[in-house]
Amino acid sequence: MAKDKKKKPSKELPLGFVDRQEKELLIRDFVISNIKEVMIKYGFQYLETPSFEYTDSIGKFLPDKDRPDQGVFSFKDENKWLSLRYDLTAPLARYVAKNYLEIPKPFKRYQLGSVWRNEKPGPGRFREFLQFDADYVGTKNLQADAELCVLISEILEKCGLDKTDYTVKISSRKFTDKLFKELNVTSQDQISITLRALDKIDRLGWEEAKKLLGEGRKDNSGDYTKGAKLKEEQIKKIEDALKNKLANSEDVIEIIKIFKTYNFENYKFDPSVIRGLEYYTGPIFEVNLNFEVRNSKGKNIQFGSIGGGGRYDNLVSNFGNLDCPATGISIGIDRLVFALMQKKDFKIKNKRPIVICVFDKDKIKEYVQILTTLRASNISSEIYPGEGKLKKQMEYANKIGSPAVILYGEDEIKSGKITLRNLVTGNENSVKINDLTNEIKKIF
RNA sequence: GCAGCAGUAGCUCAGUUGGUUAGAGCACUAGUUUGUGGAACUAGGGGUCGGUGGUUCGAAUCCACCCUGCUGUACCA
């Protein structure tokens with residue numbers, strides 16, 4: 001006897017990973033089909049790169065540690081470290097460097113794929129998520145940057161958002177570089193802390209973020225964050241620069257000019273847009289939603305941006321002596337879907353099958369005949385796949401959301417007619433076999 | 001990573017001076033209805049009380065550590 005109680009495997013999922021159900025997947029499919037349509041229209045190539053890359057190829061140079069988990073999932077294969085990609089931009093840079101001579105310049109490609117981040121998940125943020133990424137590689141032309149913003153907004157509107165629902169914010173590294181020069185701030189440490197603080201203005205408000213420019217800030221949980229320790233007058237100048245909202249870096253001015261030619265107006269210059277510190281070199285963009293998003297408990301949450309990007313003129317050259325400027329934008333598809341599900345009441349056409357009830361297993365031939373007829377007319381249908389009484393079959397059909405059930409038992413076979421029960425109204429119709437598909441089409 | 005709160009059935013939760021065999025609603029299964037779902041009634045199944053260790057005659061309840069979730073915060077290519 002099995003007296004030694006075996007330890008059962010856990011039915012829980014690893015931290016930050018989720019099962020996704022049909023409703024979400026159908027909306028995701030809808031979003032993806034909109035993306036593909038727009039990308040084809042804008043002339044981008046479709047590309048796919050693998051999930052794993054050599055760790056150093058995607059910008060992680062690992063210290064000699066057993067487990068390189070600085071935000072990425074990694075393992076050692078033979079003697080080389082591999083990592084799951086954490087975005088689609090770094091693999092693109094690797095791809096371009098590898099295929100530099102063959103690809104057209106400029107190179108426009110888009111990609112859809114899962115990325116993985118080994119970090120703390122939050123509302124609508126997981127450790128595995130689907131990302132969309134579009135890039136222009138090999139051009140300094142700022143029309144590329146402008147067009148990325150235009151294209152992203154076309155995608156969002158195709159997905160059902162209004163102009164008031166989202167804003168594309170733009171700024172530039174050049175703007176902050178200039179600012180630091182004026183302020184005479186040269187310490188890399190101070191610059192980093194200041195940039196991070198600016199990035200937080202949206203969330204914390206100016207007054208709180210200001211503390212991070214000075215001594216530091218204690219948050220609600222009691223945690224203390226060290227500040228940039230800037231002088232009063234320096235902070236004042238930053239405040240003025242932010243409040244003026246004057247785009248005085250040439251690249252942003254140029255992009256805004258291009259926006260006008262596209263009649264694109266749903267942008268906002270916002271110097272508090274910072275993005276990652278590592279590789280952006282010029283214009284940066286961020287897409288923000290303007291409506292409230294709730295978590296599973298109905299509470300409003302800080303949702304943050306659903307995507308962003310910018311110019312990274314040095315990334316490709318990391319792989320060699322290639323002078324290859326580039327610019328790109330990404331969207332977190334799952335986060336967009338999470339928000340969309342709350343914003344719009346999607347009428348998803350998930351056609352559930354008509355269920356043909358089984359009265360008598362010996363009559364399977366007749367059932368398959370009906371089934372074949374329905375499927376030939378492209379009507380989603382199935383013979384009840386389980387075993388059990390009619391009641392159980394009805395309960396099944398009800399549960400899966402089937403629009404109707406076909407009853408074909410002894411009585412029907414005798415009279416040569418099929419009973420069609422509409423599960424929404426509860427009405428039953430006796431129909432001739434030849435009329436069945438037409439009757440069913442009326443229900444859909 | 002740091003901090004606050006939480007974890008009892010598939011789900012939502014009740015259950016304190018620590019005391020027999022741990023409860024409810026919904027869901028599930030079977031029946032009332034041998035060919036009829038979404039209502040009702042009856043019966044039934046289902047829990048290592050997040051985990052491990054400790055205190056105690058006795059722990060869902062007290063203590064320690066850990067895991068997981070939520071919220072904020074830090075980092076985020």
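Below, read A as the first sequence line, B as the second, and so on, with proteins coming before strands; counting in each chain starts at 1. Quick note: numbers below take in every heavy atom, side chains included, and nothing from hydrogens, waters or symmetry partners.
- A search for side-chain hydrogen bond (donor to acceptor under 3.5 Å, both in side chains) contacts involving A:Thr176 returns nothing, not counting sequence neighbours.
- Legend: residues meeting ring pair (Phe, Tyr, Trp, His ring centres under 6.0 Å) with A:Tyr367, ordered by chain and number and at least two apart, are absent.
- Comparing B:G72, B:A77, B:G35 by their closest approach to the side chain of A:Asp87 singles out B:A77.
- Residue A:Val424 is classed as a base contact, given a heavy-atom separation below 4.0 Å to a base.
- A salt bridge links A:Arg109 with A:Asp135: the distance from a Lys NZ or Arg NE/NH1/NH2 to an Asp or Glu carboxylate oxygen falls below 4.0 Å.
- A:Arg85 meets the salt bridge (charged side-chain N to carboxylate O under 4.0 Å, His left out) test with no other residue; sequence neighbours excluded.
- Using atom P as the reference point in both B:A22 and B:G46, the two lie 13 Å apart (nearest Å).
- For A:Asn398 against B:G38, a side-chain-to-base donor-acceptor contact under 3.5 Å is absent.
- On a pure distance criterion of 3.5 Å, a polar donor-acceptor pair joins the side chain of A:Glu412 and the base of B:G35.
- By the side-chain hydrogen bond (donor to acceptor under 3.5 Å, both in side chains) test, A:Tyr54 pairs with no residue at all, sequence neighbours left out.
- Aromatic rings from A:Tyr46 and A:Tyr110 are positioned such that their centres are separated by under 6.0 Å.
- Electrostatic pairing of A:Lys80 and A:Asp77 does not count as a salt bridge here, judged by no charged N lying under 4.0 Å from a carboxylate O.
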Below 3.5 Å between N/O atoms, which protein atoms pair up with nucleotides 31-33 of chain B? Just atom names and distances, please.
{"from": "B:G31", "atom 1": "OP1", "to": "A:Lys389", "atom 2": "NZ", "distance (Å)": "2.7"}
{"from": "B:G31", "atom 1": "OP2", "to": "A:Lys389", "atom 2": "NZ", "distance (Å)": "3.3"}

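- You'll find that the side chain of A:Lys120 is closest to B:G72, out of B:A77, B:G72, B:G38.
- Rounded to a whole Å, the CG atom of A:Asn118 is 16 Å from the P atom of B:C76.
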Can you pull every protein N or O that's under 3.5 Å from an N or O on nucleotides 43-46 of chain B?
none

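- Taking the side-chain hydrogen bond (donor to acceptor under 3.5 Å, both in side chains) definition, one finds that A:Glu208 meets it with A:Lys211, A:Arg217, sequence neighbours left out.
- Applying the 4.0 Å criterion to OP1 and OP2 of B:U73, one finds that A:Arg203 has a side-chain N or O inside that range.
- Of the candidates B:A74, B:G35, B:G38, B:A74 carries the atom nearest the A:Thr225 side chain, counting heavy atoms from C-beta on.
- The structure places SG of A:Cys324 at 11.5 Å from CG of A:Asn318, a figure rounded to the nearest 0.5 Å.
- Taking every heavy atom of residues 354-374 of chain A and every atom of RNA chain B, pairs under 4.0 Å involve A:Phe359, by number.
- At the heavy-atom level, A:Leu88 lies nowhere under 4.0 Å from the strands shown.
- Within residues 399-409 of chain A, the residues approached by RNA chain B to less than 4.0 Å at the level of any non-hydrogen atom are A:Lys399, A:Leu407, A:Gly409, in residue-number order.
- Residue contacts for A:Glu410: at a heavy-atom cut-off of 4.0 Å it reaches a base atom on one of the strands shown.
- Partners of A:Glu366 under the salt bridge (charged side-chain N to carboxylate O under 4.0 Å, His left out) rule, at least two apart in sequence or in another chain, do not exist in this structure.
- For A:Arg196, the listed nucleotide lying nearest its side chain is B:C75; candidates were B:A74, B:A77, B:C75.
- Of the charged side-chain nitrogens involved, at least one lies within less than 4.0 Å of a carboxylate oxygen, so that A:Glu215 and A:Lys229 count as a salt-bridged pair.
- Considering only residues two or more places apart in sequence or on other chains, A:Glu410 meets the salt bridge (charged side-chain N to carboxylate O under 4.0 Å, His left out) condition with none of them.
- Phosphate proximity of B:C75 to A:Arg117: absent, as no side-chain N or O sits under 4.0 Å from OP1 or OP2.
- Both the sub-6.0 Å distance and the 45° axial angle are not jointly satisfied by A:Lys392 relative to the ring of A:Tyr384.
- A:Glu119 comes within 4.0 angstrom of a base, heavy atoms only.
- Using a 4.0 Å heavy-atom distance criterion, A:Lys200 is classed as a sugar-phosphate-only contact.
- Rounded to whole Å, the P atom of B:C2 lies 50 Å from the corresponding atom of B:G44.
- Here A:Tyr279 does not lie in a stacked arrangement on the base of B:A77, lacking the combination of planes under 30° and ring centres under 5.5 Å apart.
- Nearest nucleotide to the side chain of A:Asp411, out of B:A77, B:G37, B:G35: B:G35.
- Stem analysis of RNA chain B (at least three stacked-register Watson-Crick or G-U pairs, each with both distances under 3.5 Å) gives B:1-7 with B:67-73, B:10-13 with B:23-26, B:28-32 with B:40-44, B:50-54 with B:62-66.
- A:Gly16 comes within contact range of the sugar-phosphate backbone alone, with a heavy-atom separation under 4.0 Å but no base atom that close.
- Remark: the separation of the C1' atoms in B:G53 and B:U29 is 39 Å, to the nearest Å.
- Distance noted for atom P between B:A6 and B:A14: 11 Å (whole Å).
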